[in-house]
Every structure is written in structure tokens, then in C-alpha cells.
Visitor: 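This is the structure, below, for whatever I ask next.
Model, not experiment: these values are computed from the prediction. First listed ligand is number 1; within each ligand, the first listed atom is number 1.
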Amino acid sequence: MGAKRACLRDRRLPECVVIERHEIGAHWTGQYHYTDGLQCLVTPPEHDIGFPYKSRSFFSAQADIDSEMHTLSWSAYLADSKQSVDWLHRLDKYPTHKEFVKYLKWVHDRSEFPLKIANVDKISVADGNWRL
Ligand SMILES: Cc1cc2nc3c(=O)[nH]c(=O)nc-3n(C[C@H](O)[C@H](O)[C@H](O)COP(=O)(O)OP(=O)(O)OC[C@H]3O[C@@H](n4cnc5c(N)ncnc54)[C@H](O)[C@@H]3O)c2cc1C
């Protein structure tokens with residue numbers, strides 16, 4: 001959601017801040033006692049954060065949203081981290097959850113959407129805004 005919001009770049013939309021207790025993709029890292037991180041995704045990695053790339057341009061007065069999202073795709077990540085060739089030769093085309101977290105962190109670094117590491121203990125509405 002944060003990446004899509006960053007791609008929209010439309011100032012008429014409300015600000016979007018992602019709040020995580022630990023880190024991006026925390027439960028897929030193998031830490032925090034939820035998964036071991038070593039199991040493979042059950043969905044192809046091409047089902048990435050922009051998938052299924054059917055955004056409409058309605059909200060954005062600027063570039064096409066899907067084109068922007070493609071710059072944050074799994075294949076863009078492989079190319080940027082120089083893993084494309086290795087990946088093409090790899091027999092198992094499903095990354096582990098831990099590997100996919102690296103992609104999710106790359107998306108954050110690249111799109112720079114606001115991320116706050118914090119524990120939310122109360123949510124309310126004040127003056128038409130969320131108050132956490
Ligand atoms: C073992 C397993 C394997 C899976 N494999 C796949 C797969 O291969 N492909 C696929 O598409 N889907 C898979 N899924 C499903 C996928 O993980 C979820 O659909 C997806 O993570 C949901 O995303 P989310 O952002 O809504 O929630 P989450 O990913 O659960 O994110 C919620 C975040 O909020 C944080 N949080 C919670 N409470 C607070 C608080 N009070 N304050 C601050 N932060 C808080 C949590 O720490 C967490 O990081 C899998 C799920 C599991 C459990």
C-alpha cells in the first residue's frame with residue numbers, strides 16, 4: 001500500500017504512513033517466532049507488490065501508475081541486485097519467505113514511503129483524522 005501510494009503521488013489523497021511493530025515483512029524473516037523464513041512462497045514472486053498491474057490512471061495526474069509500479073517489480077529487483085542471471089538458472093523459481101522480505105525492503109528503500117516502527121496500543125478519530 002505504501003509503495004502504491006508513493007507511485008500515485010497525487011496530493012489530493014491523504015498521507016499514508018505504514019506502521020510496523022518490528023520491521024518490514026517481520027513475520028516472514030524467520031524471527032519473531034511466527035515462521036522459520038525458509039519455506040518457499042506458495043505464489044510466484046511475479047505476483048509482487050504491483051500485481052496484477054491493473055491500476056487505472058484516474059487518480060494520478062502524472063505518470064501511468066502501472067508503469068511506475070513496474071519499476072518496483074520482482075524482476076526490477078532482480079536486475080537491480082544483479083541476481084537476474086542466477087535466478088534464470090535456478091531450478092526452484094519460488095523464493096523463500098526470507099528472500100522475498102529482501103525484495104519488500106528494497107521496495108521500501110526505493111519508493112521511500114513513510115514507515116514508522118512503533119507499537120500501536122490505541123486508535124481513535126480526532127478532527128477527522130486517525131489518531132494512533
Ligand atoms: C506461513 C504463511 C505463509 C504465507 N505464504 C504466502 C505466500 O506464499 N504468498 C502470499 O501471497 N501470501 C502468503 N501468506 C499470506 C500473507 O502473509 C498475508 O496475506 C499478508 O502478509 C497479509 O498482509 P498484511 O499487510 O495485511 O498483514 P501482515 O503481513 O500480517 O502485517 C501486519 C503487520 O502489523 C504488525 N502489527 C500488528 N499489531 C501491531 C500493533 N499493535 N502495532 C504495530 N504493528 C502491529 C505486525 O507485526 C505485522 O508486521 C502466507 C501466510 C502465512 C502465515
Visitor: When you measure from atom 44 (N) of ligand 1 to each heavy atom in M1, Q39, R21, which option holds the nearest one?
Guide: R21

Visitor: Looking only at protein heavy atoms, identify the closest one to atom 43 (C) of ligand 1 and say how far it is in Å.
Guide: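 I find the closest protein heavy atom is A118 O, 3.1 Å.
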
Visitor: Which is it for C40 and ligand 1 at heavy atoms under 4.0 Å: side chain, backbone, both or neither?
Guide: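 Neither; no heavy atom under 4.0 Å.
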
Visitor: Show me the donor-acceptor pairs, under 3.5 Å and distance only, between side chains in residues 120-132 and residues at least two apart or in other chains.
Guide:
none

Visitor: Taking only heavy atoms of T35, which atoms of ligand 1 are found under 4.0 Å from at least one of them?
Guide: 1 (C)

Visitor: Between W28 and Y34, is the ring centroid distance below 6.0 Å?
Guide: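 Ring centres of Y34 and W28 not closer than 6.0 Å.
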
Visitor: Considering non-hydrogen atoms of the protein only, which is the closest contact for atom 53 (C) of ligand 1, and what is the distance?
Guide: Y34 CE2, 3.8 Å

Visitor: Heavy atom of W28 under 4.0 Å from ligand 1?
Guide: yes

Visitor: Looking only at protein heavy atoms, which one is nearest to atom 5 (N) of ligand 1, and how far off is it?
Guide: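 The protein heavy atom lying closest is H97 NE2, 3.0 Å.
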
Visitor: Using a strict 4.0 Å cut-off to heavy atoms of N119, name the atoms of ligand 1 that fall inside it.
Guide: 40 (C), 41 (N), 42 (N), 43 (C)

Visitor: Tell me, which protein residue and heavy-atom name are nearest atom 30 (O) of ligand 1, and how many Å apart are they?
Guide: H27 CD2, 4.8 Å

Visitor: Backbone or side chain, does any N or O of E20 fall under 3.5 Å from an N or O of ligand 1?
Guide: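 Looking only at distances, the answer is yes, because the N/O contact criterion of under 3.5 Å is met.
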
Visitor: Do the rings of F51 and H47 sit parallel, tilted or perpendicular, given the 30° and 60° boundaries?
Guide: parallel

Visitor: Check whether any protein heavy atom sits under 4.0 Å from atom 49 (O) of ligand 1.
Guide: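 It does; a protein heavy atom is within 4.0 Å.
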
Visitor: Under the side chain to side chain contact (heavy atoms under 4.5 Å, CB included) criterion, do C16 and M1 qualify, and how do the steps go?
Guide: CA-CA 8 Å; C16 165; M1 188 176 79; 3.7 Å; yes

Visitor: Any N or O on H22 sitting closer than 3.5 Å to an N or O of ligand 1?
Guide: no

Visitor: Please report which non-hydrogen protein atom sits nearest to atom 41 (N) of ligand 1, along with the residue it belongs to and the distance in Å to one decimal place.
Guide: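 For this ligand atom, the closest protein heavy atom is V120 O, 2.9 Å.
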
Visitor: Would you call Q83 and Y77 a side-chain contact if the rule is heavy atoms closer than 4.5 Å?
Guide: yes

Visitor: Looking at ligand 1, does G25 have a heavy atom less than 4.0 Å from it?
Guide: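 No, that is not the case, since the closest heavy atom of the residue is not under 4.0 Å from the ligand.
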
Visitor: In sequence, state the C-alpha distance, the side-chain angles, and the governing distance for E23 and K105, and then conclude on salt bridge (Lys or Arg N to Asp or Glu O under 4.0 Å).
Guide: CA-CA 9 Å; E23 58 180 306; K105 288 182 173 166; 2.4 Å; yes

Visitor: Would you confirm whether the ring centroid of W106 sits within less than 6.0 angstrom of the ring centroid of W74?
Guide: no

Visitor: Could you walk me through whether S73 and Y53 pass side chain to side chain contact (heavy atoms under 4.5 Å, CB included), step by step?
Guide: CA-CA 10 Å; S73 67; Y53 297 96; 3.4 Å; yes

Visitor: Before signing off on this row, confirm whether V42 and ligand 1 have an N or O atom pair separated by under 3.5 Å.
Guide: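 Yes, V42 has an N/O under 3.5 Å of an N/O on ligand 1.
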
Visitor: For the residue pair M69 and D48, establish whether any side-chain heavy-atom pair is separated by less than 4.5 Å.
Guide: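 Of all side-chain heavy-atom pairs linking D48 with M69, none is under 4.5 Å.
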
Visitor: Please list, in number order, the atoms of ligand 1 under 4.0 Å from a heavy atom of L41.
Guide: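 Listed by number with element: 8 (O).
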
Visitor: If we ignore hydrogens and angles and just use 3.5 Å, is the side chain of S55 paired with the main-chain N or O of D66 as donor and acceptor?
Guide: no

Visitor: Name the orientation class of the two ring planes belonging to H22 and Y32 (parallel below 30°, tilted from 30 to 60°, perpendicular beyond 60°).
Guide: parallel

Visitor: Looking only at protein heavy atoms, identify the closest one to atom 10 (C) of ligand 1 and say how far it is in Å.
Guide: T43 OG1, 3.5 Å

